[in-house]
Amino acid sequence: MCGRFHQQGFAQLIDFYDAFLGGGFSSAGIPGLGERFNIGPQQQVFTLRKLEDLADAFSARWGLLPGWAKDEKLAYATFNARSETVATKPTFRSAFKRKRCLIPALGYYEWTGPKGNKQPHYVTRADEQPFLFYGLWEQRDALTTCTVITTDASPGIDWLHHRMPCIADPDPANNAVWLDPEFEDREHLLSLLKPTPADRLVTQAVSTFVNKVGNEGPECLEPADK
């Protein structure tokens, strides 16, 4: 799964992703969205999508709320969408068709160990580049929400958790396809949602300071042995 992650601020991101995705961004509506080390569900996240011919950088609340939902409590259980059912499950299938997004991150957290004594681990890319998580977004009145898509963890990192976020390869063509609301080849889109090989990732046991979602700052990344 992916229930907590570290995200750059907009100023840190824009040059990298402008080159990575091959286009300029409109960033209206996300002033002051700076770096955060401990993002959890129901918090605002920086997200990338395409609207017509414009690449749009926007803020969305993490936990997808489909337009038909009568109770916003549903969003507490939809911060992740399973790749195996994302195209068919009623909660996600409409967004999968036309409201796909990419969610930037510097790293994400998983926990091991018994309840009450969980050890957090921070996962990053071995090449030290940022992640792009495959995601979906929805709009309901003035509220924009999103979800991170997950898949089975690859061998070599499944000791950490049996699920992992679907991480985009650094391929502008695939990223453009994923963001294109007019692209309708479901099988091609689903083929992108695959586990990232463990040798492309690095894990580090970090301070239990990050265990509390309200804690924020670089202390979240302090190595556990400190």
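Residue indices begin at 1 and follow the sequence shown.
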message = Between Leu192 and Tyr134, does the side-chain contact (heavy atoms from CB on, under 4.5 Å) criterion hold? Intermediate values first, please.
response = CA-CA 9 Å; Leu192 302 177; Tyr134 286 117; 3.7 Å; yes
Roughly how far, to the nearest 0.5 Å, is [atom2] of [Y] from [atom1] of [X]?
X	Y	atom1	atom2	value
Ile103	Thr47	CD1	OG1	5.0 Å
Phe46	Gln7	CZ	CD	7.0 Å
Phe58	Gln44	CZ	CD	10.0 Å
Ser94	Lys89	OG	NZ	15.0 Å
Tyr76	Leu65	OH	CG	11.0 Å
Asn38	Lys212	CG	NZ	11.0 Å

ask   = At their closest point, which heavy atom of Leu179 faces which heavy atom of Lys50, and how far apart are they?
value =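 Heavy-atom minimum between the residues: O-CB, 3.5 Å.
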key: Heavy-atom pair of closest approach, residues Trp178 and Cys101   =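 Shortest heavy-atom separation between Trp178 and Cys101 comes out as NE1-O, 2.8 Å.
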Verdict with reasoning, Val148 to Phe79, per side-chain contact (heavy atoms from CB on, under 4.5 Å) = CA-CA 6 Å; Val148 174; Phe79 57 91; over 6 Å; no
What pairs of donor and acceptor atoms, side-chain ones from residues 193-209 against any protein atom, are under 3.5 angstrom apart with sequence neighbours left out?
| residue | atom | partner | partner atom | Å |
| --- | --- | --- | --- | --- |
| Arg200 | NH1 | Asp169 | OD1 | 3.3 |
| Ser207 | OG | Phe209 | N | 3.0 |

ask   = Considering only heavy atoms from C-beta outward, does the side chain of His6 approach that of Ile39 to under 4.5 Å?
value =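 When only atoms from C-beta onward are counted, Ile39 and His6 do not touch, as no gap falls below 4.5 Å.
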query = Is the closest side-chain heavy-atom distance between Gln42 and Val213 below 4.5 Å?
reply =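 No, side chains not in contact.
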message = Please evaluate residues Ser154 and Met164 with respect to the criterion side-chain contact (heavy atoms from CB on, under 4.5 Å), reporting the C-alpha separation (whole Å), side-chain torsions for both, the decisive distance (0.1 Å), and the verdict.
response = CA-CA 8 Å; Ser154 57; Met164 68 187 303; 4.1 Å; yes
ask   = Taking only residues two or more places apart in sequence, or in another chain, which ones meet His161 in a ring pair (Phe, Tyr, Trp, His ring centres under 6.0 Å)?
value =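 Partners of His161 by the ring pair (Phe, Tyr, Trp, His ring centres under 6.0 Å) criterion come out as none, since no residue qualifies.
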message = Once ring pair (Phe, Tyr, Trp, His ring centres under 6.0 Å) is applied, do any residues pair with Phe183, and if so which ones, sequence neighbours excluded?
response =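 Expected list: His188.
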query = Does Leu143 share a hydrophobic cluster with Trp68, counting links as ILVMFWY side-chain heavy atoms below 4.5 Å and allowing steps through other members?
reply =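 Same cluster.
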ask   = Quick one: do Leu132 and Leu64 end up in the same hydrophobic cluster if we chain Ile, Leu, Val, Met, Phe, Trp and Tyr together by side-chain heavy atoms under 4.5 Å apart?
value =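 Same hydrophobic cluster.
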query = Which residue pairs pass the side-chain hydrogen bond (donor to acceptor under 3.5 Å, both in side chains) test when at least one of the two sits in residues 140-149, sequence neighbours left out?
reply =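 Residue pairs passing side-chain hydrogen bond (donor to acceptor under 3.5 Å, both in side chains), neighbours aside: Gln139-Thr144.
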For the side chain of [X] and the backbone of [Y], is there at least one donor-acceptor N/O pair under 3.5 Å apart?
X	Y	answer
Arg125	Pro130	yes
Arg100	Phe96	yes
Thr150	Pro165	no

Chi angles and distances behind the side-chain contact (heavy atoms from CB on, under 4.5 Å) call for Ser83, Ile149 = CA-CA 6 Å; Ser83 61; Ile149 301 174; 3.9 Å; yes
Name of the residue among Asp152, Thr151, Asn80 meeting side-chain hydrogen bond (donor to acceptor under 3.5 Å, both in side chains) with Arg163 =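 Result for side-chain hydrogen bond (donor to acceptor under 3.5 Å, both in side chains) with Arg163: Asp152.
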ask   = Phe5 and Trp62: aromatic ring centres closer than 6.0 Å?
value =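 When the ring centroids of Phe5 and Trp62 are compared, they turn out to be within the sub-6.0 Å range.
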Side chains of residues 104-112: which donor-acceptor partners sit under 3.5 Å, not counting sequence neighbours?
| residue | atom | partner | partner atom | Å |
| --- | --- | --- | --- | --- |
| Tyr109 | OH | Phe37 | O | 2.7 |
| Trp111 | NE1 | Asn211 | OD1 | 2.5 |
| Thr112 | OG1 | His121 | NE2 | 2.8 |

request  = Could you go through the salt bridge (Lys or Arg N to Asp or Glu O under 4.0 Å) check for Glu138 and Arg98 one step at a time?
outcome  = CA-CA 10 Å; Glu138 275 281 12; Arg98 298 184 61 86; over 6 Å; no
task = Only counting residues at least two apart or in another chain, list the ones meeting side-chain hydrogen bond (donor to acceptor under 3.5 Å, both in side chains) with Glu219.
result =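 Counting only residues at least two positions away or on another chain, Glu219 forms no side-chain hydrogen bond (donor to acceptor under 3.5 Å, both in side chains).
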key: Trp137 six-ring centre to Arg49 NZ/CZ under 6.0 Å and within 45° of normal   =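 Here Arg49 passes the 6.0 Å and 45° test against Trp137.
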